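Heads up: the structure comes next, in structure tokens.
Naming: A, B, ... by sequence-line order, numbering from 1 per chain. Note that this is a predicted model, so its numbers are computed, not measured. Worth knowing before you read on, the calculation uses all heavy atoms, side chains too, and leaves out hydrogens, waters and symmetry mates.
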There are 2 protein chains.
Amino acid sequence: MNQSGMRRDPRPPPTDPPSLAERIRLEMDAFTPSEKRAAHLLLSHYPFAGLDTVAEFASRAGISAPSVLRFVTRLGFGGFPDFQKHLREELEAQLLSPLAKASPSDKGHGATALTSFAEAVIGNLRATVENIAPAEFEAVVTLLSDPRRHIHFTGGRFTGALGRYAESHFRIVRSNVDFIEGQPALWRDRMIEIGKKDVIVAFDIRRYQEDVTALCETAAKQGATVVLLTDPWLSPIARVARHVLPAHIVAPSNWDSSAGLLLLTEALVAAVTKRLWETAKPRMEAVERLRNEKS
Amino acid sequence: MNQSGMRRDPRPPPTDPPSLAERIRLEMDAFTPSEKRAAHLLLSHYPFAGLDTVAEFASRAGISAPSVLRFVTRLGFGGFPDFQKHLREELEAQLLSPLAKASPSDKGHGATALTSFAEAVIGNLRATVENIAPAEFEAVVTLLSDPRRHIHFTGGRFTGALGRYAESHFRIVRSNVDFIEGQPALWRDRMIEIGKKDVIVAFDIRRYQEDVTALCETAAKQGATVVLLTDPWLSPIARVARHVLPAHIVAPSNWDSSAGLLLLTEALVAAVTKRLWETAKPRMEAVERLRNEKS
DNA sequence: GAAAAGCTGTATCAGAAATTTCAGAACATG
DNA sequence: CATGTTCTGAAATTTCTGATACAGCTTTTC
């Protein structure tokens, strides 16, 4: 049960609740595929998923009841009731000492690449939010909530995906939304239609892409309003942009992180959806209806 | 828990869950003697005393099993299992809410929609990382680092953008990478080439998309390895997936947040890039060179 | 490519748990 | 003090859950 030789700290393990969840995480790769399903379900709704009946648990995990039984047996329990009893006791202990559930900075254990990467990203998100002027954000929301405007999303090599993501949501919330590919050949002819009523929302982070810049400059020259989501060093598009929302992007990776941009995007989607709710709601319902008919 | 009659504040009771414990306290004097014993036991070890069996509960309360049954019936439950289910749900709700409001206070300054949205997303990221098994993550990294494998990314209406994002990075780090559109018409013919050497990385969150599921099932049937990034409720693709990485997605919005999925994606990109560094570096340099020449 | 090993679901069973029945005890009431 | 009412628990009953055996299938290994 207790893995030996895992930690060599001089300090004795003071309150070391080898949480079952933790053990499962560690042994995960020794599990069979269906055991992994069970483990995932349990971890994602820990520990309540385990307090139901075997049948319920099996069904929710998409496996059979015997597989669930094998899972708990492998964890070292004499049977399912034993397993549940353990969960209850662990839960009770945890609930009685509010200290235990604090876990803000994660106990030192398992500082995987994933967790440190996540911490860096979280730091980026915090920094991003702090440096956004609420007024600027609100202004963009207002702009994107104007139904008479035509919204065009665009982005570069990597950030184009974010533009697509934004477009796929806004397309449902409101009309007059599209995505423009960055390559000049693909938008040159479209430009004749771009004018004062149009809004370009551009995603562009370092190794700023010239074609995206060109697109925005052309659009701006024709009177379009440009909104830019970029990094703190500001894409050259900032020169022609009406509104700029910078996001922190540095991560322990060879690549930059777009999480901050995604955060801003989703926050914009949420805010605009809320503001346009009267008209967005029927649109969303209609989309839902179409989806169901199709299937 | 919530003491009744304690607060006479003018502000309306904001979140006033009529806890079962509270109801019991109010109705206490209407109980028969043995019911009172049951009530006292339950309240003194709320709610865990109620999660054991009827026999156990009866014994601990010093009464008989039928009396326990009469007690729960009087409380309005259809039977003991109903009663337990209620307790579990109440407990879960209570335990999850402190997580949701993890750090609500923050610095007092402008609690904009943006900051609260950001806090929710950050909570999602933390929860996501905590529920990912390092071994599972590592296994996926190893899989994606195998140069002999062919990697195909795909996703649904909204998550497709994440697939594209992943593809645009992996394409540079290694060869044999592509993106498959979700619509069956677009991949049907490609499927003949999918086999044991292929890896499908699918993004799919709730309102799971049938065409993506179909794609994965077909690919799996032909021997391809399926990796799934989904929500904690697991897309049906989980049934055929070798590896599953769930991410928390609930945000204060009408839409789900994909930030957790993006985090996992970027972490995978970072890890694979690092592992394949020997071959990835020259590739990245070559791409850089091509970019410069073009301009 | 064949044999072995391992994994998983169906069908089935045993047993435990919840529920009901019913008779006796406690209590109040006239 | 008798009687009706209410309450309670032992035992019988039923429901349901956890456990097992087995066969099909996949994956691995030689």
Side-chain angles (χ1 to χ4, degrees), chain A residues 27-42 49-88, chain B residues 27-42 49-88 139 143 149 195-199 216-226 234 236 238-244:
Chain A
E27 295 179 28
M28 182 63 86
D29 51 350
F31 290 152
T32 71
S34 9
E35 284 169 350
K36 277 183 194 166
R37 296 237 188 91
H40 278 302
L41 175 66
L42 181 59
L51 295 179
D52 260 304
T53 67
V54 169
E56 178 72 14
F57 187 91
S59 152
R60 287 220 280 161
I63 59 181
S64 71
S67 292
V68 175
L69 272 298
R70 285 186 279 260
F71 173 64
V72 303
T73 301
R74 167 175 287 239
L75 289 176
F77 297 100
F80 200 73
D82 264 20
F83 167 70
Q84 290 192 319
K85 188 182 166 90
H86 178 92
L87 288 182
R88 281 203 307 269
Chain B
E27 297 181 28
M28 181 63 88
D29 44 355
F31 291 150
T32 73
S34 17
E35 282 170 352
K36 277 184 192 167
R37 293 182 134 187
H40 278 126
L41 174 66
L42 181 58
L51 295 178
D52 260 304
T53 68
V54 169
E56 179 73 15
F57 187 92
S59 150
R60 287 220 280 160
I63 58 179
S64 72
S67 292
V68 175
L69 270 298
R70 284 187 279 264
F71 173 64
V72 303
T73 302
R74 164 176 288 241
L75 288 174
F77 296 100
F80 200 73
D82 264 22
F83 168 70
Q84 290 191 319
K85 188 181 165 97
H86 178 90
L87 288 181
R88 282 203 308 267
L143 192 63
R149 300 278 197 160
K196 292 190 191 267
K197 285 281 172 213
D198 291 77
V199 177
C216 292
E217 284 174 349
T218 305
K221 207 167 294 174
Q222 304 197 11
T225 303
V226 175
L234 304 188
R239 296 181 54 84
V240 299
R242 176 79 59 88
H243 301 291
V244 179

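Remark: A:Thr53 pairs with A:Ala55, A:Glu56 by the side chain to side chain contact (heavy atoms under 4.5 Å, CB included) rule, at least two apart or across chains. Judged as a side chain to side chain contact (heavy atoms under 4.5 Å, CB included), and not counting sequence neighbours, the contacts of B:Ala219 are B:Met191, B:Ile194, B:Ile200, B:Ala224. Qualifying side chain to side chain contact (heavy atoms under 4.5 Å, CB included) partners for A:Lys85, counting only residues two or more places apart in sequence or in other chains: A:Arg88, A:Glu89. B:Ser64 pairs by the side-chain hydrogen bond (donor to acceptor under 3.5 Å, both in side chains) definition with B:Ser67, not counting sequence neighbours. When the side-chain hydrogen bond (donor to acceptor under 3.5 Å, both in side chains) test is applied to B:Arg60, no partner is found at least two apart in sequence or on another chain.
Between B:Val240 and B:Ala220, the closest heavy-atom pair is CB-CB, 3.8 Å. Taking each heavy atom of B:Leu42 and B:Leu87 in turn, the nearest pair found is CD1-CD1, 4.5 Å.
Counting only Watson-Crick and G-U wobble pairs whose two key distances fall under 3.5 Å, DNA chain D forms stems of three or more stacked pairs at C:1-30 with D:1-30.
With B:Gln84 contributing its side chain and B:Asp52 its backbone, the two residues share a donor-acceptor pair below 3.5 Å. Of the possible polar contacts, none joining the B:Gln222 side chain to the B:Gly195 backbone as a donor-acceptor pair under 3.5 Å is found.
If you measure from atom CZ of B:Phe80 to atom P of C:dA16, you get 18 Å, rounded to the nearest angstrom. Protein atom CZ of A:Phe71 is 12 Å distant from nucleotide atom P of C:dT8, rounded to whole Å. Atoms CD (A:Gln84) and C1' (D:dA19) sit 14 Å apart, rounded to a whole Å. Note: CD1 (A:Ile63) to P (C:dT10) measures 12 Å, nearest angstrom. At whole-Å resolution of the value, CZ in A:Phe83 and C1' in D:dT17 are 16 Å apart.
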For each nucleotide in nucleotides 22-30 of chain D, reading 5' to 3', give B when a protein heavy atom comes within less than 4.0 Å of its base, S when such contact involves only the sugar-phosphate, and - otherwise. ---------
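Listed in residue order, the members of residues 49-60 of chain A having a heavy atom less than 4.0 Å from DNA chain C come to none. Near DNA chain C, meaning a heavy atom under 4.0 Å from it, residues 32-40 of chain A has A:Thr32, A:Pro33, A:Ser34 in order of number.
In this model, the phosphate group of C:dT10 is not approached by any side-chain N or O of A:Ser64 to a distance below 4.0 Å at OP1 or OP2.
Between atom NE2 of residue A:His40 and atom CE of residue A:Met28 there is a gap of 4.5 Å, rounded to the nearest 0.5 Å. Here the CZ atom belonging to A:Arg37 is positioned 11.5 Å from the CG atom belonging to A:Leu41, to the nearest 0.5 angstrom.
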Side-chain polar contacts of residues 70-81 of chain A - donor-acceptor pairs under 3.5 angstrom, sequence neighbours left out - could you list them?
unit_1: A:Thr73; atom_1: OG1; unit_2: A:Leu69; atom_2: O; d: 2.8
unit_1: A:Arg74; atom_1: NE; unit_2: A:Glu35; atom_2: OE1; d: 3.3
unit_1: A:Arg74; atom_1: NE; unit_2: A:Glu35; atom_2: OE2; d: 3.3
unit_1: A:Arg74; atom_1: NH1; unit_2: A:Ala30; atom_2: O; d: 2.7

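Projected onto DNA chain D by closest heavy-atom contact, B:Arg74 and A:Leu69 fall at different nucleotides, the more 5' of which corresponds to B:Arg74.
Candidate nucleotides D:dG9, D:dT20, C:dA18 were compared by shortest atom distance to the side chain of A:Pro66, and D:dT20 ranks first.
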A:Lys36 vs B:Arg242, side chain to side chain contact (heavy atoms under 4.5 Å, CB included): CA-CA, chis, key distance, verdict: CA-CA 9 Å; A:Lys36 277 183 194 166; B:Arg242 176 79 59 88; 5.8 Å; no
